[in-house]
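Here the structure is laid out as structure tokens; the discussion comes afterwards.
Please read all numbers here as calculations on a predicted model, not as lab measurements. The chain is numbered in sequence order, starting from 1.
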Amino acid sequence: MENTYYEYGTAAERWDRARLFFDAKEYVTAARILGGLVDEVPEQVAPRLLLARAYYHSARLAKAEAELRAVVERDPVERYARLMLGRTLERQGRSAEAAPHLRMAAAMSGELPGG
């Protein structure tokens with residue numbers, strides 16, 4: 001794939017650019033930028049989590065799931081990643097698999113189990 005100006009600049013500039021595209025609901029472009037950042041700094045949670053959100057919002061659910069699983073593997077108590085993973089699995093019709101992640105996210109946020 002040919003590089004465009006989206007991939008140029010420092011990591012901080014690309015992070016800002018990706019967030020601008022995400023906020024503008026240009027999820028495919030945001031994901032393109034974020035994919036490069038995640039490749040450069042795979043240990044950082046924020047770019048990977050935003051990449052997962054971009055994939056989720058652009059209906060690339062398998063990719064969102066993969067990124068969210070990577071976040072949860074690196075940071076098992078990342079509540080928002082657990083919540084998103086549960087929702088991503090639900091959206092794929094995998095409610096039983098989603099349930100433990102949703103319960104864990106609820107417990108981490110202090111929500112009591114429903115009656």
Side-chain angles (χ1 to χ4, degrees):
M1 177 189 304
E2 184 179 315
N3 281 340
T4 64
Y5 87 94
Y6 302 123
E7 288 86 18
Y8 291 120
T10 66
E13 290 168 338
R14 286 178 286 137
W15 169 251
D16 289 342
R17 192 175 305 127
R19 291 181 60 205
L20 286 171
F21 279 104
F22 184 89
D23 291 344
K25 297 182 179 10
E26 294 288 338
Y27 302 118
V28 172
T29 303
R32 181 176 176 183
I33 298 165
L34 290 161
L37 285 173
V38 166
D39 288 344
E40 288 177 35
V41 288
E43 70 283 356
Q44 289 189 4
V45 170
R48 192 175 295 273
L49 193 52
L50 191 59
L51 176 58
R53 291 177 62 199
Y55 284 148
Y56 179 87
H57 288 299
S58 60
R60 294 185 284 173
L61 301 178
K63 288 184 174 199
E65 178 185 347
E67 295 302 331
L68 291 164
R69 288 190 185 280
V71 170
V72 167
E73 183 178 308
R74 283 177 170 73
D75 188 357
V77 295
E78 171 53 61
R79 185 193 68 79
Y80 189 68
R82 291 276 180 187
L83 176 64
M84 274 199 63
L85 180 55
R87 288 184 177 166
T88 300
L89 293 167
E90 279 183 331
R91 196 167 164 194
Q92 294 177 79
R94 297 159 58 193
S95 296
E97 197 176 339
H101 297 288
L102 295 173
R103 280 194 303 271
M104 190 174 294
M108 286 182 210
S109 69
E111 295 176 21
L112 297 174

Q | Close side-chain approach of Tyr27 to Arg60, heavy-atom, < 4.5 Å | A | no

hydrophobic_cluster_shared for [Y] and [X], side chain cutoff 4.5 Å:
X: Leu50; Y: Tyr55; answer: yes
X: Leu51; Y: Phe22; answer: yes
X: Tyr80; Y: Leu85; answer: yes
X: Met84; Y: Leu89; answer: yes

Q: Output, in order, the C-alpha distance, side-chain angles, deciding distance and verdict of side chain to side chain contact (heavy atoms under 4.5 Å, CB included) for Glu90 and Leu102.
A: CA-CA 10 Å; Glu90 279 183 331; Leu102 295 173; 3.2 Å; yes

Q) Should the pair Arg87 and Tyr56 be classed as cation-pi, given the thresholds of under 6.0 Å to the six-membered ring centre and 45° from the axis? A)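 Arg87 over Tyr56 ring: no.
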
I need the [X] [atom1] to [Y] [atom2] distance, nearest 0.5 Å.
X: Glu78; Y: Leu68; atom1: CD; atom2: CG; value: 9.5 Å
X: Leu49; Y: Glu67; atom1: CG; atom2: CD; value: 10.0 Å
X: Arg48; Y: Asp39; atom1: CZ; atom2: CG; value: 8.0 Å

**Q.** Any pair counted as salt bridge (charged side-chain N to carboxylate O under 4.0 Å, His left out), so long as it reaches residues 9-31, sequence neighbours left out
**A.**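 Qualifying pairs, neighbours excluded: Arg14-Glu40.
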
Closest heavy-atom pair and its distance - [X], [Y]:
X: Ala98; Y: Gly86; result: CB-O, 3.1 Å
X: Ala64; Y: Ala52; result: CB-O, 3.5 Å
X: Ser109; Y: Arg79; result: CB-CD, 3.4 Å
X: Val72; Y: Ala81; result: CG2-CB, 4.0 Å

Q | Check: Pro76 main-chain N/O paired with Arg82 side-chain donor or acceptor under 3.5 Å | A |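 Yes; at least one donor-acceptor contact below 3.5 Å.
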
Q: Please assess Leu34 against Trp15 for the test side chain to side chain contact (heavy atoms under 4.5 Å, CB included), listing each intermediate value before the final yes or no.
A: CA-CA 7 Å; Leu34 290 161; Trp15 169 251; 3.9 Å; yes

Q.
Regarding Glu65 and Arg69, does a basic nitrogen lie under 4.0 Å from an acidic carboxylate oxygen?
A. yes

Q.
Other residues, nucleotides and ligands only: do more than 12 of their heavy atoms fall within 6.0 Å of CD on Glu43?
A.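 Result for CD/Glu43: enclosed.
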
